[in-house]
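So you know, we letter chains A, B, ... as the sequences are listed, proteins then strands, and number each from 1.
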2 protein chains.
Amino acid sequence: MTVGRPREFDVDKALDQALQVFWLKGYEGASLSDLTEAMGITRPSLYAAFGNKEALFRKAVDRYQGWAKAASCRALSATTSREVVEQMLRVAADWHTDPCHPRGCMMMQGTLACGSDAEALREEMVSRCAEGQAAMQTRFEQAKSEGDLPDDADPGALARYVTTVLRGMAVDAAGGASRQDLYKTIDIALRAWPVNGKAQPNRVAKAMTRRA
Amino acid sequence: MTVGRPREFDVDKALDQALQVFWLKGYEGASLSDLTEAMGITRPSLYAAFGNKEALFRKAVDRYQGWAKAASCRALSATTSREVVEQMLRVAADWHTDPCHPRGCMMMQGTLACGSDAEALREEMVSRCAEGQAAMQTRFEQAKSEGDLPDDADPGALARYVTTVLRGMAVDAAGGASRQDLYKTIDIALRAWPVNGKAQPNRVAKAMTRRA
DNA sequence: TTTCTTTTCTACCGGTCGGTATATAATAGA
DNA sequence: TCTATTATATACCGACCGGTAGAAAAGAAA
C-alpha cells in the first residue's frame with residue numbers, strides 16, 4: 001500500500017541485468033550507459049532505486065555471492081574432505097562455463113578489473129573471497145579431527161591450495177577454456193589431496209545420508 | 001648521427017615506469033596523466049616516442065614477457081618434468097611477491113583489468129599466455145618420450161594444470177598472499193605430479209650437468 | 001477534484017578521458 | 001649563419017564519465 005507513482009520496472013530483474021554487465025565488463029568498465037541500457041531504465045531511476053554505481057555493484061555482488069554461498073554450503077556438507085574439494089571444483093567449473101551467463105568469476109572479473117580509485121571496493125571483495133577459504137579451512141580441520149585427513153595435514157594450506165585452483169580455473173574459463181579442459185585440470189588437482197592411513201569411523205554412516 | 005633536437009629522456013627507463021603503472025592500475029585504469037607523470041615526460045613526447053596508449057602497453061608487455069620467457073626457458077631446461085614444474089612455480093611465486101615491483105602478474109592485472117572496447121587486446125594477451133602453456137606441453141611430451149612421465153600421462157592436461165596454478169597464484173599474490181603462503185600451495189600442488197615406474201635412462205647424466 | 005508522494009523523463013553539470021594542433025627550442029648539416 | 005629536422009611545452013579538442021536538477025506523469029488519500 002505504498003503512496004506515489006508505482007515503479008514501472010522489476011528491481012530484481014534490473015539487478016540481474018546489471019550483474020551481467022558488471023560480470024562482463026568489470027566495475028569500472030561498465031558505464032552507466034551500459035547499465036541503464038541493459039536494465040531498461042533511465043539514469044535517475046537507477047539512482048533512485050539503487051543509490052549509485054558502487055551501491056548497485058555491491059547489491060549485484062550480494063546476489064552473486066548468495067548463489068556461490070549456497071553451492072559452497074552444499075559442497076561443504078559432503079562426507080569426506082576429498083568429496084568436498086571435488087564437488088567444490090566441479091561446481092565451479094560448471095558455473096564458470098555455464099552458457100547462461102558470462103564466463104569466469106563475477107567477483108574477479110568485476111573487482112580485479114578496476115583501477116586504483118576503487119581500492120576500498122577491491123579490498124572488500126578480497127576479504128569476501130577469504131570467507132569461502134576460511135569456511136573450507138574449518139571444514140578441513142573438522143575432517144582432520146575425524147581422521148579423514150592425516151595428522152600432518154595443514155588445513156589452512158589445503159584450503160589455500162583449493163582456493164588457488166579455483167581462482168586459476170576462473171581465469172581459465174574467462175580466457176575461453178572449455179568445461180572438459182577444466183575437468184581434466186580438476187582430475188589432476190585432486191591427485192594432490194592427502195590420503196590418510198587411519199580409520200574414519202563416521203564414514204559409512206555419513207555416506208548413507210549423503211544423498212538425502 | 002641523427003638530425004634534429006635530441007630526446008631528453010631515456011626511452012627504456014620511461015617504458016619501465018609505464019610498465020609499473022600498467023601493472024598497478026591495469027590498461028584502462030592507467031590514465032595518460034598517470035603515465036606521463038610516472039614517466040616524467042609530457043603527453044606529446046609520449047605519443048612521439050611510443051605511438052599511442054595501446055602501443056605503449058604492447059611495448060610494456062613485450063618487455064615484461066621478455067623477463068617471463070627468460071625465466072621460463074631456464075625452468076624448462078631442468079632435468080625432470082617435476083623439476084621443471086617446481087622451478088616454474090617457485091620462480092613465479094618469488095616474482096609475484098617481489099617487493100621491487102607491483103604484486104601479481106602484469107599481464108593479468110593489465111589485461112583482465114580492461115573493459116570490452118579493448119577486446120582485441122585481451123584476446124592477444126590470452127594467446128600470448130597460451131604460448132607459455134604450449135612450451136610446457138612440448139616439454140612434457142619430451143619427458144614422456146624419455147620415460148620421465150608415465151605412458152598414460154596427458155602432457156596437454158598437465159601443462160594446463162600448471163598454468164591454472166600459476167594463474168591462481170598470481171591472483172593470490174595480487175590479493176596480498178605472502179611468499180610463504182604461495183610456497184605451501186606449491187608443495188601441495190606438486191603432490192599431484194605423476195610418478196613413473198619406468199626407468200629414466202638419461203636422468204643421471206642430465207643431473208650431473210644440471211647446475212652447470 | 002484536489003493534494004501529496006513517488007517515479008519518470010529530458011537535459012544538463014563539472015571533470016576526466018585519449019589524443020592533437022601549434023608554436024618554440026635544440027641539434028646537424030650546408 | 002641559415003635551413004631542415006626533431007623534441008619540447010602549452011593549450012586545446014570532442015567524447016564520455018558518474019551524477020543530478022527540475023518538470024511532467026501516475027498513482028493513493030482526502
Side-chain angles (χ1 to χ4, degrees), chain A residues 1-15 17-19 21-22 24-61 110-111 113-122, chain B residues 1-15 17-19 21-22 24-61 110-111 113-122:
Chain A
M1 210 55 71
T2 61
V3 71
R5 177 172 174 172
R7 180 169 280 137
E8 293 182 358
F9 64 95
D10 184 327
V11 177
D12 283 336
K13 286 198 178 293
L15 184 55
Q17 296 303 316
L19 170 54
V21 176
F22 281 129
L24 207 58
K25 304 197 164 192
Y27 173 65
E28 294 198 325
S31 71
L32 282 182
S33 301
D34 294 330
L35 291 164
T36 52
E37 185 185 5
M39 300 164 86
I41 63 178
T42 61
R43 217 172 276 232
S45 296
L46 189 155
Y47 277 80
F50 300 101
N52 61 8
K53 188 184 176 183
E54 185 171 339
L56 174 63
F57 181 72
R58 260 177 237 275
K59 278 172 182 146
V61 171
T111 312
C114 76
S116 52
D117 48 338
E119 198 71 35
L121 235 185
R122 169 143 58 182
Chain B
M1 211 56 69
T2 63
V3 70
R5 177 171 175 174
R7 179 169 281 137
E8 293 182 357
F9 64 95
D10 183 327
V11 177
D12 283 337
K13 285 199 178 292
L15 184 55
Q17 296 305 315
L19 170 53
V21 175
F22 281 130
L24 206 58
K25 303 197 163 192
Y27 173 64
E28 294 198 325
S31 72
L32 282 181
S33 301
D34 294 331
L35 292 165
T36 52
E37 185 185 5
M39 300 164 86
I41 63 178
T42 60
R43 218 172 277 231
S45 296
L46 189 155
Y47 277 80
F50 301 101
N52 60 9
K53 187 184 177 184
E54 184 171 339
L56 174 63
F57 181 72
R58 262 178 235 276
K59 279 173 181 141
V61 170
T111 313
C114 76
S116 52
D117 47 340
E119 197 71 35
L121 236 186
R122 169 142 60 181

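Taking the nucleotide of DNA chain C with the nearest heavy atom to each of B:Ala30 and B:Pro44, the more 5' of the two is matched to B:Ala30.
Comparing C:dG18, D:dG19, D:dT20 by their nearest atom to the side chain of B:Lys53 picks out C:dG18. Here the nucleotide nearest the side chain of A:Ser31, chosen from D:dT8, D:dA21, D:dC17, is D:dC17. In the set C:dA21, C:dT8, D:dG18, the nucleotide with an atom closest to the side chain of A:Tyr47 is D:dG18. Checked against D:dA28, D:dA9, D:dG18, the side chain of B:Thr42 finds its nearest nucleotide in D:dA9. Out of C:dG18, D:dT6, C:dT6, the shortest distance to the side chain of A:Arg5 is found at C:dT6. In this structure, of D:dT8, C:dA26, D:dT20, it is C:dA26 that holds the atom nearest to the side chain of B:Pro6. Among the nucleotides D:dG18, C:dG19, D:dG27, the one closest to the side chain of B:Arg43 is C:dG19.
Here the side chains of B:Arg43 and B:Ser33 are in contact, with some heavy-atom distance below 4.5 Å. For the pair B:Lys59/B:Phe50, a side-chain contact is recorded, criterion being any heavy-atom separation below 4.5 Å from C-beta on.
A cation-pi geometry, defined here as NZ or CZ lying under 6.0 Å from the six-membered ring centre and within 45° of its normal, does not hold between A:Lys53 and A:Phe22.
Within the structure, every side-chain polar atom (N or O) of B:Ser45 is placed at least 4.0 Å from both OP1 and OP2 of D:dA7. Taking only side-chain nitrogens and oxygens, A:Ser33 never comes nearer than 4.0 Å to OP1 or OP2 of D:dC16.
Protein atom CD of A:Glu8 is 7 Å distant from nucleotide atom C1' of C:dT8, rounded to whole Å.
With a 6.0 Å radius and a threshold of 12 heavy atoms from other residues, nucleotides or ligands, A:Glu37 has its CD atom at or below the threshold.
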